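Please read through the structure below; I'll follow up with questions.
Remember, predicted model here, so these are calculated numbers, not experimental data. Chain A is the first sequence line, chain B the second, and so forth, proteins listed ahead of strands; every chain is numbered from 1.
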Protein chains: 2
Amino acid sequence: MKPYLLQTLKELALLGAIPNKIELSSHERAQQLETSQQTASRYLLELDLQQMITREFGVKKQLIQITITGADALENEYMSYKQIFDLTNKVVFKGKLVSGMGEGKYYTGQKGYAEHFEKQLGFVAYPGTLNVEIEYIERNKIRLLRSYGGIQIDEFQAENRTFGNVVCFKATINGKEGAIVLPKRSHYATVLECISPYNLRETLGLHDGDTVEVVAYIQ
Amino acid sequence: MKPYLLQTLKELALLGAIPNKIELSSHERAQQLETSQQTASRYLLELDLQQMITREFGVKKQLIQITITGADALENEYMSYKQIFDLTNKVVFKGKLVSGMGEGKYYTGQKGYAEHFEKQLGFVAYPGTLNVEIEYIERNKIRLLRSYGGIQIDEFQAENRTFGNVVCFKATINGKEGAIVLPKRSHYATVLECISPYNLRETLGLHDGDTVEVVAYIQ
DNA sequence: ATTACTAAGCAGCGAGTAA
DNA sequence: TTTACTCGCTGCTTAGTAA
């Protein structure tokens, strides 16, 4: 949705156009927006075509009301702002399911990790990880997440080798309880490794390439 | 502020650019926005010029962080959405102080009104009304307000004439406790008549033409 | 009064490119 | 690789105007 249409919709909502029909001529709207009557009219026309508003024409002015579709678009925008200011206790990632290299199963199978996961996350991890590839640009969010600390799992020895430090964050994967596991070093991975008490692939009926939403929680 | 700049700023914030510096090249931003590298670069440049973001250039990419000014702009936008969805228990008007025609004093001085005000609003109104002229377009908000009912004050007889029905809403005038009084009929006034236990002009140091914020509360 | 069409003018977009 | 300049061209804006 074009930013200027969203802005128009928002300003209509501020005048009460979600619960009520509001009286507004394109000329008035033009003054409010500091543009021409023609542009204001065109914006309203575009919103109408996109089913964001309904209009009734009288002899004077028009009665405008925001539709469910329009209100949804606004609410969506609102959620983004909530994300920024309020709910900084969560970070939302969108990505695609990819196949791991079988490593996740080996690691999560390690007694050391399994015990830590149970003690610190409160669940027994199903063997293996669900790997979600995020947009490259969203690696900034991983950095954001790291800055909050998270649940640290220390180095330990097993099978004659050292397993490195990892940091976990409680998370939901398409709504299902779980956690994401980040290596302590290497700040810019673009794959989120998720663990969960459930077999996520089966429970959620996921296949490679499916879109997955991972919500990580801070504290 | 141009809507597309606000959108850019919002998306930077979603990547964590308020607390952190984020790594982002104009090319990446272009892909995210589905536009050209040049346009993305220009947007970032504009935000920089408007002091909404700061940038540090390395050999690769740039480190971007949102400034206080930028965060304020976003917070302001956030408040608008809050207004729409959450705090529909208040309606915010902005207007200018105008001189009444001395009528307010006569009316508020009437025993009938004075008693009602005290009983239903919980304060003794200072004689007279503070008149705030709102933008013509905001009369839609008055309609919105009316749709919530408000505190009704019935007709009464005094001095051999009938005083009409009015509807009140508890309100704050530049933060000071008070109420607005709307005639029951005549749906589209553009002047809000405010009453208060205080002499608002004096207490707030207001003069004609000053900008006044009136927040009306629904129940 | 309105809304909104057509057409002209101009701002913003992006290809090419320099640094 | 980057960022961001110039410049031709497209598409948005607005004046004029019809309905």
Q: With sequence neighbours excluded, tell me which residues meet salt bridge (charged side-chain N to carboxylate O under 4.0 Å, His left out) with B:Asp48.
A: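 Result, salt bridge (charged side-chain N to carboxylate O under 4.0 Å, His left out) vs B:Asp48: B:Arg55.
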Q. Taking atom C1' of C:dA4 as reference, at what distance in whole Å does atom CG of A:Leu47 sit?
A.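 Spelled out: CG on A:Leu47 to C1' on C:dA4 is 15 Å.
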Q. Which residues pass the side chain to side chain donor-acceptor pair (under 3.5 Å) test with A:Thr162, sequence neighbours left out?
A.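 A:Thr162 satisfies side chain to side chain donor-acceptor pair (under 3.5 Å) with A:Gln157 once adjacent residues are dropped.
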Q) What bend angle does the helix from C:dT2-D:dA19 to C:dA19-D:dT2 show across its length, from five-pair end axes and to the nearest 10 degrees? A)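 The helix from C:dT2-D:dA19 to C:dA19-D:dT2 shows an end-to-end axis angle of 40°.
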Q: Looking at every strand, decide which applies to B:Ser41 at a 4.0 Å heavy-atom threshold: base, sugar-phosphate, or nothing.
A: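 Since a base atom lies under 4.0 Å of B:Ser41, the category is base.
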Q) To the nearest Å, how far apart are A:Arg29 CZ and C:dA4 C1'? A)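 It is 17 Å, rounded to the nearest whole Å.
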Q) Rounded to whole angstroms, how far apart are CG on B:Leu33 and C1' on C:dG12? A)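 Interatomic distance, CG of B:Leu33 to C1' of C:dG12: 14 Å.
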Q) Taking only residues two or more places apart in sequence or in another chain, which ones pass side-chain contact (heavy atoms from CB on, under 4.5 Å) with B:Thr39? A)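 Listed in chain order: B:Thr35, B:Ser36, B:Arg42, B:Tyr43.
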(Q) According to salt bridge (Lys or Arg N to Asp or Glu O under 4.0 Å), does anything in residues 3-17 of chain B pair up with another residue at least two apart or in another chain? List the pairs. (A)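 Every pair satisfying salt bridge (Lys or Arg N to Asp or Glu O under 4.0 Å) with a residue in residues 3-17 of chain B: A:Glu77-B:Lys10, B:Glu11-B:Arg29.
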Q) With a non-hydrogen cut-off below 4.0 angstrom, is B:Arg55 in contact with a base, only sugar-phosphate, or nothing? A)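 Counting heavy atoms under 4.0 Å across all strands, the contact made by B:Arg55 is with sugar-phosphate only.
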(Q) Using the rule side chain to side chain donor-acceptor pair (under 3.5 Å), only one of A:Lys61, A:Gln62, A:Lys21, A:Gln65 pairs with A:Glu56; which is it? (A)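 By the side chain to side chain donor-acceptor pair (under 3.5 Å) criterion, A:Glu56 pairs with just one of A:Lys61, A:Gln62, A:Lys21, A:Gln65: A:Lys21.
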Q. Got a sec, which residues hit side chain to side chain donor-acceptor pair (under 3.5 Å) with B:Gln152, two or more places apart in sequence or on another chain?
A.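 Side chain to side chain donor-acceptor pair (under 3.5 Å) list for B:Gln152, sorted by chain: B:Lys184.
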Q: Kindly say if A:Gln62 contacts the phosphate of C:dT3, meaning a side-chain N or O under 4.0 Å from OP1 or OP2.
A: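 Yes.
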Q. Nearest-Å distance, CG (B:Leu5) to P (C:dA11)?
A.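 Rounded to whole Å, this separation is 17 Å.
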Q | Stacked cation flag A:Arg161 on A:Phe163, 6.0 angstrom / 45 deg | A |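 Yes.
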Taking distance alone, no hydrogens or angles, what donor-acceptor pairs closer than 3.5 Å link side-chain atoms of residues 167-176 of chain B to residues at least two apart or in another chain?
from: B:Asn174; atom 1: OD1; to: B:Glu213; atom 2: N; distance (Å): 2.8

Q. For nucleotides 13-19 of chain C, read 5' to 3', which letter fits each nucleotide if B means a protein heavy atom sits under 4.0 Å from the base, S means only the sugar-phosphate is that close, and - means neither?
A. BBBB---
**Q.** Atom pair distance, as rounded to whole Å: CG in B:Leu24 and C1' in D:dA4
**A.**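 Atom-to-atom, B:Leu24 to D:dA4, this comes out as 16 Å.
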Q: Find the distance A:Leu49:CG to C:dA4:C1' and express it as a whole number of Å.
A: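 From A:Leu49 CG to C:dA4 C1': 12 Å.
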Q) Across the strands shown, which category fits B:Leu45 at heavy-atom distances under 4.0 angstrom: base, sugar-phosphate, nothing? A)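 Sugar-phosphate only.
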Q) Who passes side chain to side chain donor-acceptor pair (under 3.5 Å) against A:Gln37, sequence neighbours left out? A)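 So A:Gln37 forms a side chain to side chain donor-acceptor pair (under 3.5 Å) with A:Ser26.
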Q. Expressed in angstrom and rounded to an integer, what is the separation of A:Glu28 atom CD from C:dT2 atom P?
A.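 The distance from CD of A:Glu28 to P of C:dT2 comes to 8 Å, rounded to the nearest Å.
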(Q) Between C1' on D:dA4 and CZ on B:Phe57, what's the gap in Å once rounded to a whole number? (A)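 My rounded result for the distance is 9 Å.
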